[in-house]
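Take a look at the structure set out below.
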Amino acid sequence: MRLLKKFVGAALVLGGAAAIAGWLLSAPVRVDAATLAELGPGDAARGKRIFYAGGCTSCHAKPGSQGDAHLRLVGGLELKTPFGSFVPPNISQDTRDGIGAWSVEDLANAMLKGVSPSGEHLYPAFPYASYARMKPADIADLYAFLKTLPAVAGKAPANSLAFPFNVRRGLGLWKLLYLSDQPVVSFPDGTPDPVLTGRYLVEGPGHCGECHTPRDLAGGTSKSQWLAGAAAAEGSGIVPNITSGEGGIADWSEADVANYLETGFTPDFDTVGGAMVDLQRNMAVLTPEDRSAIAAYLKAVPPHPNGYPARKKPAS
């Protein structure tokens, strides 16, 4: 009996210690002072580039918006995933329902660390796992551009998540595994600047890997299959392989990729479809140099076979 009491006591002590350690490790971490000092005053003209490279309208505009209406960033698109339904929020300049009251430091903490102004973890459906690779000055530029956009009243619907995914504190442990400011693909010294610029645009603000890379059971991207394509997070479709591996873009030249980003036409004269329609429209706003840089990077990344299961052919 005495031995059992000792065993139970030790288990309680160890369990309590583990709980305390987990609580401490999962605490939200904000951007440090040195990084905040790099933000600078911000420039709206430069911020427009980051805004369209990031495809902000694709998730934060009201679904189906056309023309100038796509700059009314009221949110509301529902993203159905295995973890539940996420709804991108209002990020317009409305001070009550949007982010009009946010400081540039608030935006930096959200994008680089996934932490809200109130100090809560944000869900990585907001792709800060990619934004963490961004330059602080680019975030300040984006902030300046967002300030030029209209304020739109109205809160987006709340996320719909079941336990344990509705417990935000656990995201701190997820971040320990998946949040990094380091590039995914390493290149040797002397790599041409267009490839490095493309890497920054794709891996950072463009967050292309968030959809084009398979995910593991915890919802993190599988870096060993970077950009190999994946099952769509919502729906039953697939997001294609954009490496030069089997099933990918091996037959596309850099010019083909750049032209696709500008016009929406593939080398065989098919057209962009699905969720990529809005994203391609954003890419068309970028400069030819940026589109060429993205193409150069995509052709330089390691090739991988398709990262999603092959579709079964119907029985004859």
Side-chain angles (χ1 to χ4, degrees), residues 18-30 54-64 73-92 94 96-99 101-102 106-132 152-180 207-223 230-239 274-275 278-279 307-308:
I20 293 172
W23 182 258
L24 293 175
L25 289 171
S26 64
V29 177
R30 295 179 182 270
C56 304
T57 62
S58 298
C59 285
H60 292 282
K62 185 177 180 179
L73 305 177
V74 70
L77 176 71
E78 186 178 15
L79 304 173
K80 295 182 179 180
T81 78
F83 303 97
S85 293
F86 296 92
V87 183
N90 184 331
I91 61 165
S92 79
D94 188 88
R96 184 184 65 179
D97 298 328
I99 63 171
W102 285 26
D106 289 334
L107 184 63
N109 275 298
M111 296 187 71
L112 297 177
K113 295 296 185 180
V115 177
S116 74
S118 63
E120 288 187 309
H121 289 299
L122 297 172
Y123 285 103
F126 175 60
Y128 53 77
S130 291
Y131 297 154
V152 186
K155 276 196 175 294
N159 298 325
S160 178
L161 307 173
F163 181 83
F165 306 117
N166 60 349
V167 180
R168 288 180 183 263
R169 186 75 181 205
L171 289 168
L173 301 178
W174 186 92
K175 290 177 181 179
L176 291 176
L177 295 174
Y178 299 111
L179 190 61
S180 171
H207 61 277
C208 305
E210 300 291 337
C211 289
H212 286 277
T213 303
R215 292 183 179 274
D216 59 26
L217 293 176
T221 53
S222 299
K223 301 299 191 299
E234 67 280 357
S236 58
I238 56 97
V239 183
D278 284 338
L279 295 172
Y308 49 86

Next on the checklist: Could you tell me if the side chain of Tyr178 sits less than 4.5 Å from the side chain of Thr221, heavy atoms only?
Outcome noted: no
With sequence neighbours left out, the residues meeting ring pair (Phe, Tyr, Trp, His ring centres under 6.0 Å) with His207 are Tyr131
Examine distances only and state if a side-chain atom of Ser116 and a backbone atom of Glu120 form a donor-acceptor pair shorter than 3.5 Å. yes
Query raised in the report: Quick one: does Arg169's side chain get under 4.5 Å of Pro28's, heavy atoms only?
Result: yes
- Query: Counting N and O atoms only, with roles assigned by atom type, does the side chain of Arg215 sit under 3.5 Å from a partner on the main chain of Glu210, one being a donor and the other an acceptor?
  - Reply: yes
Residues Ala132 and Ser180: closest non-hydrogen pair is CB-O, 3.7 Å
* Asked: Would you say Trp174 and Pro124 make side-chain contact, with heavy atoms under 4.5 Å?
  -> yes
Exercise. Keeping the roles fixed (side chain from Lys175, backbone from Val29), state whether a donor-acceptor pair exists under 3.5 Å.
Key: no
d(Phe83 CZ, Asn159 CG) to nearest 0.5 Å is 13.5 Å
Heavy-atom donor-acceptor pair, His212 side chain to Ala230 backbone, under 3.5 Å: no
Value for CD1 (Ile91) from CG (Asp97), rounded to nearest 0.5 Å, stands at 13.5 Å
Output for pair (Cys59 SG, Leu279 CG), nearest 0.5 Å, gives 8.0 Å
Query raised in the report: Taking C-beta and beyond as the side chain, do Val239 and Tyr308 meet within less than 4.5 Å on heavy atoms?
Result: no
Here the side-chain hydrogen bond (donor to acceptor under 3.5 Å, both in side chains) pairs for residues 82-92, sequence neighbours left out, are Glu78-Ser85, Asn90-Ser92
query = Tell me, do Pro88 and Leu79 make a side-chain contact under 4.5 Å, heavy atoms counted?
reply = yes
So CG of Leu122 and NZ of Lys113: to nearest 0.5 Å the spacing works out to 13.5 Å
Notebook entry, point to check: Please walk me through it: do Phe86 and Leu161 pass side-chain contact (heavy atoms from CB on, under 4.5 Å)?
Noted result: CA-CA 8 Å; Phe86 296 92; Leu161 307 173; 3.7 Å; yes
Interatomic distance, OG@Ser130 vs CG@Leu179, rounded to 0.5 Å, equals 10.0 Å
Gly75 and Ala156 have their tightest heavy-atom pair at C-CB, 4.3 Å
